[in-house]
Amino acid sequence: MRWSNLFIPTLREAPAEADAVNHRLLVRGGFIRQLQSGHYSMLPLGWRVHQKVGEVIRQEMDAIGGQEFLLPAMHQASLWQKSGRWDSMGDEMFRLTDRKGADLALGMTHEEVFATLSLELASYRDLPQIWYQIQWKFRDEPRPKAGLLRVREFAMKDSYSFDIDDEGLDSSFDMHHGAYQAIFSRLDLDAVPVQASSGAMGGSASVEFMVASPAGEDDVVQCGGCDYAANVERATAALEPIQNRVGSDAPESIPTPDIRTIKALSDAGHPPEHQIKTLVYRIDGSLVLILLRGDHAFLEQKFVDATGAIDLVPAEADEIRAALGASPGSLGAVGVTDLTIYADPALEGRSGMTTGANEDDVHLTGVDIARDIAVDRWLDMRGIEAGEPCASCGEALTITRCIEAGHIFKLGRKYSEAMGVSVLDAEGENRVPTMGSYGIGVGRAMAAIVETHHDDAGMIWPMCVAPFEVVLTVVKVDHEGSMAVAEAAHGELLAAGIDVLLDDRDGRPGVKFADSELIGIPLRVTIGPRGIDSGMLELTMRATGEQQDLPVGDLVTRVVELVHEGRSARL
RNA sequence: CGGGAUGUGGCGCAGCCUGGCAGCGCACCUGCUUUGGGAGCAGGGGGUCGGGAGUUCAAAUCUCCCCAUCCCGACCA
C-alpha cells in the first residue's frame with residue numbers, strides 16, 4: 001500500500017476532549033474518529049488493527065473447538081422477557097419500537113439468542129458445544145469514557161458453552177481460561193486472571209482478565225506472597241486483631257456537639273476502629289441499616305452479590321430522620337428493631353464501641369455488639385485496602401488499577417432453563433444443559449494495547465496486530481535510485497505476504513519519521529540517497545529505537561524474517 | 001443521576017471581564033526556494049462564534065433556556 005493513496009489523517013495535536021492515552025494516540029494517528037460520546041468510527045488503520053485482534057481471538061477460539069456464528073444485533077422484546085432480563089437490564093439496554101409498535105432491543109449480549117438456537121440440541125451426544133461470534137453490542141452506558149475503553153457500541157467476541165453436567169462446564173471453562181491466556185499473550189497484554197463478581201449476568205465461577213493500567217476502571221487486589229488475586233468487588237483480607245476497649249454494663253450516652261464524622265469523633269478520643277459506622281440505605285424499597293467498622297468502606301457490589309438486591313441507594317436525610325429520629329452523623333443501631341440490620345464480620349465480637357445514639361449531638365460508648373445490637377445478618381461488605389494481610393498467607397496485599405480485558409463465567413442453567421432447553425441423557429431422561437459465557441471486547445483490547453504500548457512519539461504495536469508490519473520510508477521521493485529500491489522491495493514484500501506500507505509522500509523526512517512512529521509500525525526501513533549510493537539501507541525497530549545498517553540485497557529476507565518472528569511472538 | 005469544566009475554520013487556542021471590522025499557530029491551495037527528524041518566503045481559500053429566545057442602535061462578548069462534549073463518583077467487554 002502506498003501512503004500517498006491512503007486516508008491516514010494524522011494530527012499533530014489531539015482534540016481537547018481526548019484525555020486517555022489510547023484516545024489521544026488513536027485519534028492523532030488517524031485510527032479512529034469520535035462520532036458522538038461512546039461511538040467511534042474506525043478509520044482504515046484502526047479497522048486493520050481491529051480485524052487483526054479479532055483474527056487472533058478467532059484462531060484461539062477455533063483451537064478449543066469453538067464454532068463461529070453471526071447472530072442478529074436486534075432482538076424482539078419477548079426473547080428478553082423470557083429470560084427476565086427485559087426488566088432486569090433496566091436503562092442499560094437500548095430499546096426501540098418498529099412501525100408495528102413492537103418492542104425491540106439492541107443486544108447487550110447474546111445468551112438468549114444462542115440459548116434459542118441450542119433448542120435444536122437433542123441429545124447428550126450433541127454436547128459439548130462451544131459457540132461464538134464477534135458481533136456488535138449496544139449498551140446505554142451511563143458514562144462512556146476513556147476513548148475505546150468504555151463505549152456504547154462495540155465489537156465483542158462472546159462465546160457460550162453448552163455441557164450436560166458440571167464436570168463438562170468446568171472443562172469448557174478451563175479451555176476458555178487457557179484460550180484467553182493464549183490470546184492475551186499473543187496480543188502482548190499482561191492479563192492477570194482474578195476472581196470476580198459475576199454482576200448482572202448471574203452465575204457461579206467468574207474470572208476476569210485484568211491488565212494493569214491507570215486508565216482502567218477496576219481495582220485488583222493481589223498478594224505478593226501467594227497467587228491470590230481478586231477484584232476489590234469481592235476481595236477479602238485477614239483482619240489484624242484489635243483489642244477491645246474496656247466495656248461497661250450498658251451503653252452510655254455522651255454529648256458530642258457538632259460531631260458528625262468518623263474523623264471528628266476520632267479526634268474526640270474514639271479511634272475509627274473502635275467506632276461503628278451506621279449507613280442507611282433504601283434497598284428495593286425498604287430502609288435497612290448497614291454496619292461497618294469506622295475505618296472500613298462499604299462496598300455496594302459485595303452487598304448486591306450477597307443479597308441479590310437490585311435497587312440500592314443511600315437513604316435521603318428526611319426519611320432517615322423519620323425512621324431513626326436523627327440525622328446522618330449521629331446514627332446508630334442500638335435499640336433498633338424495626339429495620340433489617342446488616343453487619344460486617346469485622347464487628348463480630350467487638351465491644352467497647354462508639355456509635356451514634358439516634359439523637360443529634362449524642363453518641364453512645366461502651367457498646368457491645370452482641371449484647372446491644374440485634375444484627376439480622378452478617379455479611380462481608382467492606383472494601384479492603386492496600387497493605388492488609390492476605391487471608392491465605394498473611395503477606396501484604398497490593399491494589400492495582402486495571403482494565404478488564406476479558407471475563408469468563410459459569411452461568412449454570414439460568415438461561416437454558418428459561419428458554420426451555422433440554423437434551424436426552426444416556427438414560428433417556430431430559431436434562432437441561434449448563435452454560436458458560438465468555439467475553440472479550442475487541443476495541444477495548446486495542447485500547448489496552450495502546451495504553452500499555454506507547455512512548456512519547458506514539459504507539460508501538462505488537463507485530464501480530466500492527467496495521468502494517470513494515471514501513472518503507474523514502475526520504476527523497478524524486479531520487480530515482482531510492483524509489484527504484486523502494487518499489488522493488490514493496491513488490492517483493494507484498495508477494496511474501498508482508499503487510500508493507502510504502503511512504504511515497506512528497507514530504508519532509510522529519511514529518512515522515514514522526515508519522516511512522518506515531519502510528520507505531522514495528523519496523524521502518526529508511527531509504528535515502530545517503531545510503532543508497534553505497535548500497536545500504538537503515539532498519540529501525542520502533543519498540544527499542546535500535547538501528548542497523550543493511551545491504552540493499554538483504555532487505556527483503558531480513559524483513560520477512562523479523563516479521564515472522566514478531567508474528568509468532570508471545571508474551 | 002450528583003459534582004466540576006468546556007463549546008470560536010479540520011486540530012490547538014486568543015478574543016468575552018469592560019458590547020463596536022472574527023483573530024493567531026498548525027493543517028490546506030498556488031508559486032519559488034528547500035529536502036536524513038515536524039522548512040522558508042510570497043500569495044490565497046475556509047468560521048450561521050454549539051442552538052434558541054431576550055436586552056441593545058449594535059451581541060462571540062450581557063441575561064435566560066436548551067443541547068453537546070470531557071473529567072470525578074454510583075454501573076461493565
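The basis for the numbers below is simple: all heavy atoms, side chains too, and nothing from hydrogens, waters or symmetry mates. First the proteins, then the strands, lettered A, B, ... as listed; each starts at 1.
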**OP:** For A:A146, report the nucleic acid contact type (base, sugar-phosphate, nothing); a contact means any heavy atom under 4.0 Å.
**Re:** sugar-phosphate
Original post:
So what does A:K145 touch, heavy atoms closer than 4.0 Å: a base, only the sugar-phosphate, or nothing?
Top reply: sugar-phosphate
Original post:
Does A:R48 make a cation-pi contact with A:F468 (under 6.0 Å, within 45 degrees of the axis)?
Top reply: yes
Original post:
Below 4.0 angstrom from OP1 or OP2 of B:C70, is there any side-chain N or O of A:S37?
Top reply: yes
Original post:
What does A:A155 touch in the nucleic acid at a heavy-atom separation under 4.0 angstrom: a base, only the sugar-phosphate, or nothing?
Top reply: nothing
Original post:
Given the C1' atoms of B:C62 and B:G20, what is the spacing between them in whole Å?
Top reply: 14 Å
**OP:** State the pairing partner of B:C41; accept Watson-Crick or G-U wobble contacts with both distances under 3.5 Å, and report none otherwise.
**Re:** B:G31
**OP:** Take the protein atom CE of A:M89 and the nucleotide atom C1' of B:C76, then report the distance between them rounded to whole Å.
**Re:** 10 Å
**OP:** Answer yes when A:K476 and A:D478 have at least one side-chain N-carboxylate O distance shorter than 4.0 Å, and no when they do not.
**Re:** yes
With 3.5 Å as the limit, what N/O pairs link the protein to nucleotides 39-50 of chain B?
residue : atom : partner : partner atom : Å
B:A39   : OP2  : A:R508  : NE           : 2.7
B:A39   : O4'  : A:R508  : NE           : 3.4
B:A39   : N9   : A:R508  : NH1          : 3.3

Original post:
Just how far, in rounded Å, is P of B:A77 from CG of A:D218?
Top reply: 9 Å
**OP:** Using the C1' atoms only, state how far B:G19 lies from B:C57, rounded to an integer number of Å.
**Re:** 12 Å
Original post:
With both distances under 3.5 angstrom, what nucleotide forms a Watson-Crick or G-U wobble pair with B:G47?
Top reply: none
**OP:** Kindly say whether, by distance alone, the side chain of A:R28 makes a donor-acceptor pair under 3.5 Å with the base of B:G10?
**Re:** no
**OP:** Return the nucleotide paired to B:G19: Watson-Crick means purine N1 to pyrimidine N3 with N6-O4 or O6-N4, wobble means G-U with N1-O2 and O6-N3, both under 3.5 Å.
**Re:** none
Original post:
What interatomic distance, in whole Å, is found between P of B:G52 and the corresponding atom of B:U8?
Top reply: 15 Å
Subject >> Donor-acceptor contact below 3.5 Å, side chain A:R139 vs main chain A:F154 >> reply: no
Subject >> Parallel, tilted or perpendicular: rings of A:Y438 and A:F173 (30°, 60°) >> reply: tilted
Original post:
Hey, are A:D140 and A:R152 close enough for a salt bridge, meaning a charged N less than 4.0 Å from a carboxylate O?
Top reply: yes
**OP:** Indicate, with a heavy-atom threshold strictly under 4.0 Å, whether A:R524 touches base, sugar-phosphate, or nothing.
**Re:** base
Original post:
Atom CZ of A:F94 to atom C1' of B:C76: distance rounded to whole Å?
Top reply: 14 Å
Subject >> Atom P, compared across B:A53 and B:C11: separation rounded to whole Å >> reply: 26 Å
Subject >> Minimum-distance nucleotide to A:L11 side chain [options: B:A77, B:C75, B:C11] >> reply: B:C11
**OP:** Look at all strands and tell whether A:A14 reaches a base, only sugar-phosphate, or nothing, counting heavy atoms closer than 4.0 Å.
**Re:** sugar-phosphate
Subject >> Distance between C1' atoms of B:C28 and B:G12 (Å, rounded) >> reply: 16 Å
**OP:** Compare the minimum distances between each of B:C71, B:A77, B:C75 and the side chain of A:R139, then state the nucleotide with the smallest one.
**Re:** B:A77
Original post:
On a whole-Å scale, what distance lies between the C1' atoms belonging to B:G54 and B:C13?
Top reply: 30 Å
**OP:** I would like to know whether A:D87 and A:R85 meet salt bridge (Lys or Arg N to Asp or Glu O under 4.0 Å); could you show each step before the answer?
**Re:** CA-CA 5 Å; A:D87 294 320; A:R85 293 208 293 179; over 6 Å; no
Subject >> B:A22 and B:C49, which share atom name P, separated by this distance in whole Å >> reply: 11 Å
Subject >> Side-chain (A:Q135) to main-chain (A:L71) donor-acceptor, under 3.5 angstrom >> reply: yes
**OP:** Decide yes or no, distance alone: a donor-acceptor N/O pair under 3.5 angstrom between the base of B:G37 and the side-chain of A:E517.
**Re:** yes
Subject >> Watson-Crick or G-U wobble partner of B:G73, both distances under 3.5 Å >> reply: B:C1
Subject >> Rounded distance in Å - CG (A:D140) to P (B:A74) >> reply: 19 Å
**OP:** In whole angstrom, give the distance that lies between atom CD of A:E13 and atom P of B:G25.
**Re:** 14 Å
**OP:** Map A:R444 and A:A20 onto RNA chain B by nearest heavy atom, then report which one ends up closer to the 5' terminus.
**Re:** A:A20
**OP:** Start with the C-alpha distance between A:K145 and A:E217, add both sets of side-chain angles, then the distance that settles salt bridge (Lys or Arg N to Asp or Glu O under 4.0 Å), and finish with yes or no.
**Re:** CA-CA 10 Å; A:K145 59 180 168 178; A:E217 304 177 86; 3.2 Å; yes
Original post:
Would you call the rings of A:Y180 and A:F184 parallel, tilted or perpendicular if under 30° counts as parallel and over 60° as perpendicular?
Top reply: perpendicular
Subject >> N/O (side chain, A:R143) to phosphate O (OP1/OP2, B:C71) under 4.0 Å >> reply: yes
**OP:** Strictly below 4.0 Å, heavy-atom distances to any atom of RNA chain B: list the hits from residues 528-546 of chain A, or just say none.
**Re:** A:G528, A:R530, A:G531, A:E538
Subject >> 5' priority, RNA chain B, between A:G507 and A:G406 [closest heavy atom] >> reply: A:G507
Original post:
Ring of A:F513 versus six-membered ring of B:G36: centres under 5.5 Å and planes under 30°?
Top reply: no
**OP:** Fit a plane to each ring of A:Y281 and A:F298, take the angle between them on a 0 to 90° scale, and name the class: parallel (under 30°), tilted (30 to 60°) or perpendicular (over 60°).
**Re:** perpendicular
Subject >> Donor-acceptor side-chain pairing of A:H453 and A:D188 below 3.5 angstrom >> reply: yes
Original post:
Does B:C24 pair with anything, Watson-Crick or G-U wobble, both distances under 3.5 Å, and if so, with which nucleotide?
Top reply: B:G12
Original post:
Would you say B:C70 has OP1 or OP2 under 4.0 Å from some side-chain N or O of A:Q34?
Top reply: yes
Subject >> Gap in Å between the two P atoms, one belonging to B:A77 and one to B:G37, rounded >> reply: 49 Å
**OP:** Consider only side-chain N and O atoms of A:Q34 and A:Y40, and report whether a donor and an acceptor are under 3.5 Å apart.
**Re:** yes
**OP:** Could you please name the partner base of B:G54, counting Watson-Crick and G-U wobble pairs only when both distances are under 3.5 Å?
**Re:** B:C62
